[in-house]
S.K.: 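Once you've had a glance at the structure underneath, I'll fire off some questions.
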Amino acid sequence: MTGVNRTAADLIAAQQAGESAESIVTAFLDSIDSRESKVRAFLSVDRESALEQARDVDTRRKSGKPLGLLAGVPVAIKDVLCTRGQVTTCGSKILEDFRPPYDAHVISALRGADAVIVGKTNMDEFAMGSSTENSAYQVTRNPWDLDRIPGGSSGGSAAAVAACQAPLSIGTDTGGSIRQPASLCGIVGLKPTYGRVSRYGLVAFASSLDQIGPFSHDVTDSALMLEAIAGHDPRDSTSVDRPVPKYSNSINEPVGPLTIGLPREYFGEGLDPEVESAAREAVRVYEKLGAKVVEVSLPHSRYAIAVYYLVATAEASSNLARFDGVHYGHRAKDFDGLIDLYEASRGEGFGPEVRRRIMLGTFALSSGYKDAYYLKALKVRRLIKGDFDAALRTCDVIMGPTAPTAAFRVGEKADDPLAMYLSDIYTISCNLAGFPGISIPCGWTRGGLPIGLQIQAGPFEEEKLLRVARMHEQATDWHLRRPTL
Ligand code: GLN
């Protein structure tokens, strides 16, 4: 690989061989400039600050000072993570001018690892969506076919890596928003276990489901980035105090003996035949490597979408109450009294999907309905987790397609929220259970669109997940494909 097609690991090696961080960062900033009119992955790019960070890495390298794990590597950040002094919009008009006074945990961790933050990426408003079309600002295009969506809600971050505008990016995954766009853009996307990465400074959508994770061209790079951002942080009470393994050290060690569970429910109705055959072919790759395959069942996954749209909307209705036109964010100009100020500011600031979710969530929590909807959903959520526990007693990892279809056309599902919600049918249960999952490229359709394989494992088994994913990568070359733009 050469130029901007390279991975983070390539760029780290190149710097050790004498290439400057400044020239690397310049090449990626130029790639953003030249491809952005087609891809539209970024909401903001801070060229000067990126170059300054790169020069600082070069100076410290020359003086022999120790450098962090991702020194000089350009990284793009989903615009839902607070960056000190830099606009953080969450893809919403309500935060058009919001400049947080602090950095999110992952931002401090990346700065500590000497990564170079190049810009903030487009997303569905408040991470609600599966196509990035719910952004209040722009529609990001799939780099493999500019008439198609990149997936969502972290579509900008996925498209930026696929289009080689940055070798690494950060996304968030509440119901699939890292894995689904990774699958649709032909790259790797990892959702860690709930609690593995601190959510401090992540603008909350559904606090009990949200996790932050990497996008990259290959599994090794995801391991590197997870190593840089994982770990305990007292500022997020749900972040877990467990040591962070050196994921990148063990990445090339195959897992054996390996038993793969294929959930019956992931290979049923609604699954595109080309996607199914690519996923089955990927499983055959593992069989050739000596893996054993068993059928497993996740019987409650048929309720997963319903449960998710009660739990996630209930939490969102509460989290988004803070945007009231008083503390920060958009404030309506014309209003008559306090209640009218709230209503006018929120009505003007939030887009249609966010308003729909706030109303659904408020209804699900309302007196008289809370037991029937929200509390019942929590009980079924527990059963969904129980399915995963039971399945993982008979296998080491669970595999299947990441999404039921390849990327759809811009506008194709925009007016049909239920059809859009079904894009996450295979990814949502993993968030409800709190387990980790990864999507890796495992083929392309005849029409030239990427297909992803999802691998899921038990809580805090990211190391195993990455090693298993790497086994497929070592036996295939899907991860080496780059789109022509
Ligand atoms: N597509 C799902 C939703 O619209 C998941 C989004 C996410 O993971 N942030 O809620």
S.K.: Enumerate the ring-ring contact (aromatic ring centres under 6.0 Å, His included) contacts for residues 128-163, please, sequence neighbours excluded, ordered by first and then second residue.
M.R.: Trp144-Trp444

S.K.: The criterion is side-chain hydrogen bond (donor to acceptor under 3.5 Å, both in side chains); which residues satisfy it with Ser135, sequence neighbours excluded?
M.R.: Asn122

S.K.: Would Lys120 and Asp79 pass as an ion pair if we require N to O under 4.0 Å?
M.R.: yes

S.K.: Could you tell me which residues satisfy side-chain hydrogen bond (donor to acceptor under 3.5 Å, both in side chains) with Ser222, sequence neighbours excluded, listed by chain and number?
M.R.: Ser216

S.K.: Compute the centroid of each ring, for Phe267 and then for Tyr426, and state whether the two points are separated by less than 6.0 Å.
M.R.: no

S.K.: Can you tell me which residue among Arg55, Gln53, Arg111, Glu22 is in a side chain to side chain contact (heavy atoms under 4.5 Å, CB included) with Val116?
M.R.: Gln53

S.K.: Sort and list the pairs that fulfil salt bridge (charged side-chain N to carboxylate O under 4.0 Å, His left out) and have at least one residue in residues 437-451, not counting sequence neighbours.
M.R.: Glu274-Arg446

S.K.: Can you pull out every salt bridge (charged side-chain N to carboxylate O under 4.0 Å, His left out) where at least one residue sits in residues 214-227? Sequence neighbours excluded, please.
M.R.: none

S.K.: For a ring-ring contact (aromatic ring centres under 6.0 Å, His included) check, start with the C-alpha distance between Tyr421 and Tyr308, then their side-chain angles and the critical distance, and finish with the verdict.
M.R.: CA-CA 10 Å; Tyr421 296 173; Tyr308 172 86; 8.2 Å; no

S.K.: So, do Glu281 and Ser277 sit near enough that their side-chain heavy atoms are less than 4.5 Å apart?
M.R.: no

S.K.: What about Tyr194 and Phe435, are their ring centers closer than 6.0 Å?
M.R.: no

S.K.: Exactly one of Glu125, Arg346, Met359 should register a side chain to side chain contact (heavy atoms under 4.5 Å, CB included) with Val354. Which one does?
M.R.: Glu125

S.K.: Charged N to carboxylate O below 4.0 Å: is that the case for Arg357 and Glu353?
M.R.: yes

S.K.: Enumerate the residue pairs fulfilling ring-ring contact (aromatic ring centres under 6.0 Å, His included) with a member in residues 67-114, sequence neighbours excluded, ordered by first and then second residue.
M.R.: Phe98-Tyr328, Tyr102-Tyr200

